[in-house]
Amino acid sequence: AQSVTQLDSQVPVFEEAPVELRCNYSSSVSVYLFWYVQYPNQGLQLLLKYLSGSTLVKGINGFEAEFNKSQTSFHLRKPSVHISDTAEYFCAVVAGTSYGKLTFGQGTILTVHP
Amino acid sequence: DGGITQSPKYLFRKEGQNVTLSCEQNLNHDAMYWYRQDPGQGLRLIYYSQIVNDFQKGDIAEGYSVSREKKESFPLTVTSAQKNPTAFYLCASSTVGGETQYFGPGTRLLVL
């Protein structure tokens, strides 16, 4: 079985500062990795995904993430955040043998201050 | 516009009552999913279905039931056996063979 750990439950940051949201996973087989964003009282929107190929993945809204197989990590980064990036962010994994069954981390609340 | 709709946005349940949450998609996806979201716990899979008239239990299926009579629809019933139903419920869909799930706007269930 796979699992996901988001290392920070809350991340406060000032506007225009860089941010990194950390995600580690465990799985005995190959995985697909995802980051989703959730604004208050809304559904989840896909930010980016890693399926194969280049380990640096670019997504929407200026976010990017790097897959590191040796460290089993998939950290999300943005070089300069905006107030509108305030939301909850979820890391998720699908193991190659459990097709379609997403396992989510606990979520990281990003708060951007002016 | 293609997408997933969930209704109602808010739902109130009295003790001992069964309630049904609606999920409809027009993305022509074969697979559909139900998740429960509680603060600080992420999302947990309740049930999923990869084809009409077939569905499987997820990690927390007790106290819930589903049906999949049409490709577009995957309603979730929260039964009276679910003792702690207060949560945000999210429906998702994907192609079978597709690894990306797309989510609806959610239904918040509250107990009176």
Side-chain angles (χ1 to χ4, degrees), chain A residues 1-11 21-25 27 29-53 57 59-60 67 74 87-109, chain B residues 3-11 21 23-25 27 29-51 54-61 74 87-110:
Chain A
Q2 65 268 25
S3 66
V4 178
T5 301
Q6 291 183 239
L7 297 165
D8 305 292
S9 59
Q10 298 192 51
V11 173
L21 306 184
R22 298 180 294 168
C23 173
N24 285 94
Y25 70 93
S27 175
V29 298
S30 62
V31 295
Y32 300 138
L33 293 154
F34 305 83
W35 275 99
Y36 284 88
V37 61
Q38 184 181 37
Y39 301 100
N41 292 312
Q42 294 187 26
L44 273 65
Q45 180 182 5
L46 181 67
L47 271 180
L48 49 79
K49 60 186 177 184
Y50 171 78
L51 306 179
S52 63
V57 180
I60 62 171
F67 171 58
F74 191 54
E88 189 162 17
Y89 293 78
F90 291 95
C91 182
V93 61
V94 173
T97 56
S98 58
Y99 183 80
K101 293 182 68 177
L102 271 173
T103 298
F104 284 87
Q106 302 90 330
T108 297
I109 296 173
Chain B
I4 302 174
T5 57
Q6 292 186 240
S7 62
K9 187 169 184 175
Y10 296 95
L11 186 58
L21 285 63
C23 177
E24 304 275 335
Q25 54 97 3
L27 299 168
H29 286 168
D30 288 296
M32 296 186 74
Y33 312 81
W34 274 106
Y35 293 90
R36 170 180 170 139
Q37 184 179 15
D38 297 281
Q41 294 192 46
L43 280 74
R44 293 178 290 169
L45 183 64
I46 304 172
Y47 269 98
Y48 64 105
S49 167
Q50 295 191 322
I51 195 169
D54 187 45
F55 48 82
Q56 286 78 41
K57 293 182 179 180
D59 300 319
I60 55 165
F74 190 41
F88 192 49
Y89 290 87
L90 288 157
C91 178
S93 72
S94 71
T95 58
V96 175
E99 58 292 311
T100 304
Q101 294 183 22
Y102 298 89
F103 284 79
T107 292
R108 188 167 298 280
L109 177 60
L110 301 165

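Letters A, B, ... mirror the listed sequences (proteins, then strands); counts begin at 1. Values reported hereafter were calculated over all heavy atoms of this structure, with side chains retained and with hydrogens, waters and symmetry mates removed.
- For the pair A/Lys101 and B/Gln56, the minimum side-chain heavy-atom distance is 4.5 Å or more.
- Remark: B/Gln37 CD to A/Phe104 CZ distance equals 9.0 Å, nearest 0.5 Å.
- Around the CG atom of B/Leu27, the shell of radius 6.0 Å holds more than 12 heavy atoms that belong to other residues, nucleotides or ligands.
- Every residue two or more places apart in sequence or in another chain that forms a salt bridge (Lys or Arg N to Asp or Glu O under 4.0 Å) with B/Asp30 is listed here: B/Lys71.
- No part of B/Gln6 comes within reach of chain A, as not one of its non-hydrogen atoms sits under 4.5 angstrom from that chain.
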Derivation and outcome, side chain to side chain contact (heavy atoms under 4.5 Å, CB included), residues A/Leu44 and B/Leu43: CA-CA 10 Å; A/Leu44 273 65; B/Leu43 280 74; 4.1 Å; yes
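- From A/Asn41, atom CG reaches atom OH of B/Tyr10 across 4.5 Å, with rounding to the nearest 0.5 Å.
- Counting heavy-atom pairs closer than 4.5 Å to chain A, the top residue among B/Ala31, B/Gly106, B/Gly42, B/Ala92 is B/Gly42.
- Heavy atoms of A/Gln38 lying under 4.5 Å from chain B belong exclusively to its side chain.
- Tested against A/Tyr36 for a ring pair (Phe, Tyr, Trp, His ring centres under 6.0 Å), the candidates B/Tyr35, B/Phe103, B/Tyr102 yield a single pass: B/Phe103.
- Applying the side chain to side chain donor-acceptor pair (under 3.5 Å) criterion to A/Ser3, with sequence neighbours excluded, gives A/Ser26.
- There is no contact between A/Ile109 and chain B, counting heavy-atom distances below 4.5 Å.
- The part of A/Leu46 that comes within reach of chain B is its side chain, from C-beta onward, which places non-hydrogen atoms under 4.5 angstrom from that chain.
- Contact of A/Gln45 with chain B is not made at all, since no heavy-atom distance falls under 4.5 Å.
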